[in-house]
Amino acid sequence: MSTVAADQSPAVPSPDPAPSPVEAALAGLPRVVDLLAARAEEHDRDATFPYQGIEAVHEAGLLTLTVDARYGGPGGTLADTVRVLAQLGRGDASVAVVTAFTLLQHAEQARTAAWPTAGYRRLLTESRRGPALVNTLRAEPGSREGEPPATVARRDGEAWLLTGRKTYCTGAEALAWMAVTARTDEPVPRTGTFLVRGESEGLEVDPTWDQLGLRASASHDVVLDEVRVPAELALGLNPPGSGAGKGAAASAAAAVPAAELARAWHDLALSAVAVGVARSAQDWLVRFLHQRTPANLTEPLGSLPRYRSALGEIEAQLIGAEELVHGLAARVDRAEPEAVARTGPAHLLATRAATAAVQQAVSLTGNPGLSRRHPLERYLRDVLSSRVHLAPDEAVLEAAGRAALERGARH
């Protein structure tokens, strides 16, 4: 009979450490994706907002994934964000893009602390009670890049009154907060961002969104008629010549300016959604090739080299897009200036790859791929409509070409 010395007690396995808040949220992704996919066709057909889908994203802790740790949040990174959005894009692209813009808002607050403390605390309180969607409203009908906004803010005592129209406002009918860009009516106009409650008096959602795809995203116009905004919720309205606000000033000393980081997050977040849609299209195609046996064959289409090669082409395109998006996201998290500068072309390339992959899947399936009975035609419409979030090809390529010329001139 063996004995154990008093100082040699049997080792007790240590319990597994509790998952981090980010890991806990990511663990719920598969269930959320299944729930979104189950209702996606219905919301697409009727162009109805996916409230239940957004609720599922919220309950899983994914809608506040990028709330910074100093505010009690998980502190999700861009790498975490693109991972989540790629999966949500598999379930319902509209839910994914609505989620993306809220995640981008929280991430920007983590970097710049632009929102006043009281206002952001109120947003977080609302986020604990239920989904609190946020988006920045910049686009205006007929506006051009670089022009000051047509939306006007007029001072009225201790508040501002906003009047104007914004377009392509993703999630418009369900937004808890809107960060509205506007110019003041002062002799020397200033441009800033005004934090507007979605339920504000004088604010109306004009249901103009009737697009080919992303039909459930409710990207309607928002009309503001003297909407009252407290002075403390006006951001970035510094006296002319005074320089940036505290958030922008804090980032000016960093390796990458805040505006460039914000753009990089936007580029990669929306790229991830498009790639997620393409992956769902590929999944459907794989099932189709396994099951479809034409009358003149004894084996499914997947047994033919031509179809396997075409499927391999799709797989190669999506691997390249995923490696590009996820790889750059990790580098942007490390604030590498070179990575940040590449996200515009990366967005273009990833969206092109996703679109080409879905178009090839439709081509391989023939009539079934274009039937409303199957989701492949919805994936095609959604991935084509993802271009609404992409800068014009010419602008992206011209900027990339100019950067290449400047680089060459230095050598």
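- Between the side chains of Gln105 and Trp177, no donor-acceptor pair of N or O atoms lies under 3.5 Å.
- Judged by distance alone, the side chains of Ser385 and Asp382 never bring a donor and an acceptor atom under 3.5 Å apart.
- Of the possible polar contacts, none joining the Arg381 side chain to the Gly213 backbone as a donor-acceptor pair under 3.5 Å is found.
- Within the structure, every pair that satisfies the ring-ring contact (aromatic ring centres under 6.0 Å, His included) test and touches residues 74-103, not counting sequence neighbours, is listed here: Phe101-His389.
- Annotation: Glu147, atom CD; neighbour count of heavy atoms from other residues, nucleotides and ligands within 6.0 Å is above 12.
- Counting only distance, with no hydrogens or angles, the side chain of Thr66 and the backbone of Leu103 share a donor-acceptor pair below 3.5 Å.
- A distance of 5.0 Å separates CG of Leu237 from CZ of Arg190, quoted to the nearest 0.5 Å.
- Considering Val362, Ile314, Leu376 as possible partners of Leu285, the one that fulfils the side chain to side chain contact (heavy atoms under 4.5 Å, CB included) test is Ile314.
- Legend: side chain to side chain donor-acceptor pair (under 3.5 Å) pairs involving residues 167-176, not counting sequence neighbours, sorted by first then second residue: Tyr51-Glu173, Thr167-Asp221, Thr170-Ser219.
- Here the CG atom belonging to Leu36 is positioned 8.0 Å from the OG1 atom belonging to Thr99, to the nearest 0.5 angstrom.
- With sequence neighbours excluded, no residue forms a salt bridge (Lys or Arg N to Asp or Glu O under 4.0 Å) with Arg373.
- Among residue pairs with one or both ends in residues 54-96, those qualifying as ring-ring contact (aromatic ring centres under 6.0 Å, His included) are Tyr71-Tyr120; sequence neighbours excluded.
- Scanning both residues, Ala262 and Arg111, for their nearest heavy atoms gives CA-NH2, 3.4 Å.
- Not counting sequence neighbours, Tyr307 has no partner by the ring pair (Phe, Tyr, Trp, His ring centres under 6.0 Å) test.
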Run the side-chain donor-acceptor check on residues 346-360: report pairs under 3.5 Å with partners two or more places apart or on a different chain.
unit_1	atom_1	unit_2	atom_2	d
Thr351	OG1	His347	O	2.8
Arg352	NH2	Asp393	OD2	3.4
Thr355	OG1	Thr351	O	2.8

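- Of the inter-residue distances, the one linking Asp333 atom CG with Asp80 atom CG reads 7.5 Å to the nearest 0.5 angstrom.
- The nearest pair of heavy atoms linking Phe194 to Ala153 is CZ-CB, 3.5 Å.
- For Arg183, the CZ atom sits in a packed shell: over 12 heavy atoms of surrounding residues, nucleotides or ligands are nearer than 6.0 Å.
- Listed for the Glu260 side chain is no donor-acceptor partner under 3.5 Å among the backbone atoms of Pro257.
- The shortest distance between side-chain heavy atoms of Leu133 and Leu63 falls below 4.5 Å.
- A salt bridge links Glu377 and Arg372; the closest N-O separation between the charged side-chain nitrogens and carboxylate oxygens is under 4.0 Å.
- Applying the ring-ring contact (aromatic ring centres under 6.0 Å, His included) test to residues at least two apart or on different chains, the pairs with a partner in residues 349-378 are Trp284-His374.
- Listed by chain and residue number, nothing satisfies the side chain to side chain donor-acceptor pair (under 3.5 Å) test with Arg308 (two or more places apart in sequence, or in another chain).
- A donor-acceptor contact shorter than 3.5 Å is absent between the side chain of Asp44 and the backbone of Arg378.
- With hydrogens and angles ignored, the 3.5 Å screen pairs a side-chain donor or acceptor of Arg155 with a backbone N or O of Gly157.
- Shortest non-hydrogen contact noted between Thr163 and Glu226 is OG1-N, 3.1 Å.
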May I have the list of side-chain donor-acceptor pairs in residues 265-274 shorter than 3.5 Å, sequence neighbours left out?
unit_1	atom_1	unit_2	atom_2	d
Asp267	OD2	Arg263	NH1	3.1
Asp267	OD2	Thr343	OG1	3.0
Asp267	OD2	Gly344	N	3.3
Ser271	OG	Asp267	O	2.6

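- Of all non-hydrogen atoms in Ala24 and Pro19, the two that sit nearest each other are N-CB, 4.3 Å.
- You'll find the side chain of Pro300 stays beyond 4.5 Å of the side chain of His290, heavy atoms only.
- With hydrogens and angles disregarded, a donor-acceptor distance shorter than 3.5 Å links the side chain of Arg197 to the backbone of Ala176.
- For Asn367, the CG atom counts as loosely surrounded, since its 6.0 Å shell holds 12 or fewer non-hydrogen atoms of other residues, nucleotides or ligands.
- Nearest heavy atom pair, residue Ala96 against residue Leu85, reads O-CD2, 3.5 Å.
- Remark: Asp68 engages Arg70 in a salt bridge (Lys or Arg N to Asp or Glu O under 4.0 Å) (not counting sequence neighbours).
- When all heavy atoms of Ser217 and Phe49 are compared, the pair lying nearest together is O-CE1, 4.2 Å.
- Using a distance-only test at 3.5 Å, with no hydrogens or angles considered, a donor-acceptor pair links the side chain of Lys166 to the main chain of Thr181.
- For Glu394, the salt bridge (Lys or Arg N to Asp or Glu O under 4.0 Å) test picks out no residue, with sequence neighbours left out.
- A salt bridge links Glu338 with Arg331: the distance from a Lys NZ or Arg NE/NH1/NH2 to an Asp or Glu carboxylate oxygen falls below 4.0 Å.
- Of the possible polar contacts, one joining the Glu140 side chain to the Thr151 backbone as a donor-acceptor pair under 3.5 Å is found.
- Sequence neighbours left out, the pairs with a member in residues 82-98 that pass side chain to side chain donor-acceptor pair (under 3.5 Å) are Arg90-Asp283.
- Remark: side-chain polar atoms of Trp160 are not paired, donor with acceptor, to backbone N or O of Thr184 under 3.5 angstrom.
- With Thr112 contributing its side chain and Glu108 its backbone, the two residues share a donor-acceptor pair below 3.5 Å.
- Salt bridge annotation for Arg292-Glu299: absent, with no cationic side-chain nitrogen under 4.0 angstrom from a carboxylate oxygen.
- Side chains of Arg215 and Thr48 form no contact here, defined as non-hydrogen atoms less than 4.5 Å apart.
- Side-chain atoms of Gln109 and His106, non-hydrogen and from C-beta on, never get closer than 4.5 Å to each other.
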